[in-house]
There are 2 protein chains.
Amino acid sequence: MKKKIAPIVHEPHLVKDAVKLVKSYPTVPLTIDCVIFGFEENELKVLLIKSDLEVYKDKYSLLGDIVKDNEELDDAAYRVLKERTGMNDVFLDQVKAFGHPHRHPGGRVITVAYCSLLNINHHELKIHDNELNWHSVSALQGMAFDHKEIVDASYQWLQKRIQEHPLGFNLLPEKFSLRELQNLYEAILGVRLDRRNFRKKFASMDLLIDIDEMEQDVPHRPGKLYKFNFEKYEKRKRTWIGIDF
Amino acid sequence: MKKKIAPIVHEPHLVKDAVKLVKSYPTVPLTIDCVIFGFEENELKVLLIKSDLEVYKDKYSLLGDIVKDNEELDDAAYRVLKERTGMNDVFLDQVKAFGHPHRHPGGRVITVAYCSLLNINHHELKIHDNELNWHSVSALQGMAFDHKEIVDASYQWLQKRIQEHPLGFNLLPEKFSLRELQNLYEAILGVRLDRRNFRKKFASMDLLIDIDEMEQDVPHRPGKLYKFNFEKYEKRKRTWIGIDF
DNA sequence: ACAAAAGTGTTCCGACTACACCCATGA
DNA sequence: TCATGGGTGTAGTCGGAACACTTTTGT
C-alpha cells in the first residue's frame with residue numbers, strides 16, 4: 001500500500017527554470033476525503049462525522065484532512081484512516097478528484113476522494129468527538145460540502161469494483177459464513193442473488209478456506225465458516241478477470 | 001460535458017470560520033494533464049510535446065496546464081484540449097490524480113490526468129511549437145515527469161473502459177468500415193479477434209448505421225461503410241452493461 | 001412439532017468460440 | 001489470373017439462470 005517516496009535529486013543548475021516555473025503557478029488548498037465503508041446489520045454503512053463549520057451545523061461530513069507537505073496522496077488518506085479507526089492494513093484506493101470552485105464555502109479547496117473498506121467490528125473508533133458514527137448508505141441526507149456527491153461516486157465505484165475483484169472480504173470478519181457473504185453482495189449491489197448459484201460461484205473461484213468451524217448461537221441450523229484466501233488471491237490478481245454476477 | 005458552476009452563496013457571517021479555516025490550509029500548485037489518444041496506421045497514438053524544461057531536454061510530455069482560479073477541473077482539461085487541437089465535442093474523462101511530492105523537479109505539483117479520444121484526421125494541430133506530435137503508445141520512451149506512469153494508467157483505464165462502452169468510435173472517422181473498427185479494438189486491447197464473431201457482436205448491438213456506401217480506392221474488395229449511432233447509444237447508456245470481448 | 005436457514009444438482013438457454021468457403025475489386 | 005481482404009453460417013461448448021427438497025439446529 002505505502003509507496004516509498006523516491007528521493008529524486010536533480011542537478012541544481014538544471015532545475016532552476018523548473019523551480020521558477022512552479023513558483024509562478026497559482027496554488028490551491030488540497031485535501032483528501034475518505035469514504036470509509038463498513039457492513040453491519042446487513043446494510044452498507046459509511047463513517048461520518050458532524051461538521052465543525054457553522055454553515056454546515058448538524059450536517060455530516062466525510063473524514064478528511066489536508067495533504068501535508070511532502071506527503072503522498074495515498075499516505076494522507078491512510079493517515080486519516082489510521083488516526084480515526086486505529087486500523088492498519090485496510091483496503092484503500094483512490095476514487096476521484098473533486099474540484100468544483102465553490103465546493104467549500106470557505107474558498108476553493110480541491111479534494112481527492114478515497115474509498116476504504118473495513119470490518120466494523122474489528123476496530124474501535126478512536127476519537128468519538130463530533131459524533132463520529134456509522135450511517136446507512138441508502139439513507140444519507142444532510143451532508144456538508146459536496147460530500148453526498150462524493151459518497152455516491154464512491155458507492156458506484158465500489159459496486160463496479162466488487163464485481164471485478166472480491167473486495168467484499170475486507171468488510172467481513174475473518175471468519176464468515178456463505179450467508180453473510182451473500183448478504184454483503186446483495187446489500188452492496190442492491191439485488192437478490194440465487195443462493196445455490198452464489199455458492200457455486202464462490203466454490204468455483206476456490207478462494208475460500210474451509211476452517212471446519214460452524215456458526216455458534218444461531219437460532220437455526222448453523223452454517224460452516226470460511227476464511228478468505230488472501231494469499232491465493234494476491235497471486236492470482238494479475239490475471240484476474242472478474243466475478244460477473 | 002461542461003457543467004455549470006453553481007453560484008453558491010452562503011450567509012457571510014456563517015462562513016467566516018470556513019474562510020478562516022481554508023486560509024489556514026497549506027496550498028499546492030494544481031495542474032491537469034491530457035492524455036489525448038488517436039488512432040492512425042493501425043496503432044494507438046498519444047499526443048505529446050517536447051518539454052520546455054532544461055532538466056527534461058529532449059523528453060516528451062503530455063499537454064497540460066495549470067487550473068485557473070474558479071475553473072472546474074473538467075473545464076481546464078477541456079480548455080487545453082481545445083487550445084491544442086481546436087476540437088469541440090471531444091470525449092474527455094478524468095482518470096486519476098497524481099501527487100507524488102517529487103513528481104515535478106521544480107517543487108510539488110499535483111496533477112489530475114484526463115483521458116481524451118479523438119480522430120486524428122478530424123483536426124489540425126493548432127500549435128506546432130515544441131514538436132507537438134503523435135507518438136505510438138506501444139513504444140513510448142524518454143518521457144518527462146511521471147508522464148509515462150500517467151500514460152500507462154490512462155491506457156489501462158482505456159482498455160477497461162472500451163470493453164464496457166463503445167468509446168472506440170471517438171477515434172474513428174465518421175464513416176468507417178468494420179475492418180477499421182476491428183483493427184482499432186485489436187490495437188487497443190492488444191489481441192486478435194475473430195472477424196466473424198466481431199461482426200456478429202456489433203451487429204447484435206445494433207449501434208451501427210448502414211449508410212449504403214462503400215470504401216473507395218482500396219486494393220481489394222471494398223467494404224461497407226457505417227456510422228455510429230451516437231443517439232441510440234446515449235439513450236441506452238444508462239442501462240448499458242458491457243461489450244465483453 | 002415447528003420455524004428457520006443450511007446444504008445440494010439438474011436442466012435450459014443464451015452467448016462465445018472455432019472454423020472454411022465464395023465474392024468483389026484492383027493490379 | 002492473382003492477391004487481398006469482404007462477407008457469411010453452423011456446430012460445439014461453457015457458463016449463468018432458474019428452480020425444490022432434505023437436513024440440522026434451537027425453541
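Convention: sequence-line order gives letters A, B, ...; per-chain numbering from 1.
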With 3.5 Å as the limit, what N/O pairs link the protein to nucleotides 24-27 of chain C?
from: C:dA24; atom 1: O4'; to: B:R221; atom 2: NE; distance (Å): 3.4

* Would you grab the first and last nucleotide of DNA chain D (5' to 3') that comes under 4.0 Å of any non-hydrogen atom in chain A? =>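 So the outermost contacting nucleotides come out as D:dG16 to D:dG26.
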* To do: Could you check B:Q163 against B:Q159 for side-chain hydrogen bond (donor to acceptor under 3.5 Å, both in side chains), going step by step and ending with a plain yes or no?
  => CA-CA 7 Å; B:Q163 292 184 71; B:Q159 287 186 318; over 6 Å; no
* Determine whether B:L48 and B:M143 make a side-chain contact, defined as any pair of heavy atoms from C-beta on separated by less than 4.5 Å. => yes
* Quick one: are B:K148 and B:L140 in side-chain contact, heavy atoms under 4.5 Å? -> yes
* Residue closer to the 5' end of DNA chain C, A:N197 versus B:K201 (nearest nucleotide) -> A:N197
* With nearest nucleotides of DNA chain C determined for A:D194 and A:E215 from heavy-atom distances, which residue corresponds to the more 5′ nucleotide? -> A:E215
Output the rounded distance in Å from [atom1] ([X]) to [atom2] ([N]).
| X | N | atom1 | atom2 | value |
| --- | --- | --- | --- | --- |
| A:K200 | C:dC12 | NZ | P | 14 Å |
| B:F198 | C:dA18 | CZ | C1' | 17 Å |
| B:R199 | C:dT17 | CZ | C1' | 17 Å |
| B:L193 | C:dA18 | CG | P | 11 Å |

* Is there a side-chain polar atom (N or O) of B:R196 under 4.0 Å from OP1 or OP2 of C:dA18? ->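 Answer no for this pair, as no side-chain N or O of B:R196 is under 4.0 Å from OP1 or OP2.
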* Geometric cation-pi criterion, B:K96 with B:F98: 6.0 Å, 45° -> yes
* Asked: Between A:T111 and A:T31, does any side-chain donor sit less than 3.5 Å from a side-chain acceptor?
  ->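 Yes, because at least one side-chain N or O of A:T111 sits under 3.5 Å from a partner of the opposite role on A:T31.
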* Report the C-alpha distance between B:N133 and B:Y60 in whole Å, list the side-chain angles of each, state the deciding distance to 0.1 Å, and finish with yes or no for side-chain hydrogen bond (donor to acceptor under 3.5 Å, both in side chains). => CA-CA 10 Å; B:N133 228 322; B:Y60 293 97; over 6 Å; no
* To do: Pick base, sugar-phosphate or nothing for B:R195, based on heavy-atom distances below 4.0 Å to the nucleic acid.
  => base
* Derivation and outcome, side chain to side chain contact (heavy atoms under 4.5 Å, CB included), residues B:L178 and B:K224 -> CA-CA 8 Å; B:L178 281 170; B:K224 295 183 84 165; over 6 Å; no
* Is the backbone N or O of B:L167 less than 3.5 Å from a side-chain atom of B:N170, with the two atoms forming a donor-acceptor pair by type? ->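 At least one qualifying donor-acceptor pair exists.
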* Sole residue of B:F169, B:F202, B:F228 in ring pair (Phe, Tyr, Trp, His ring centres under 6.0 Å) with B:F176 -> B:F169
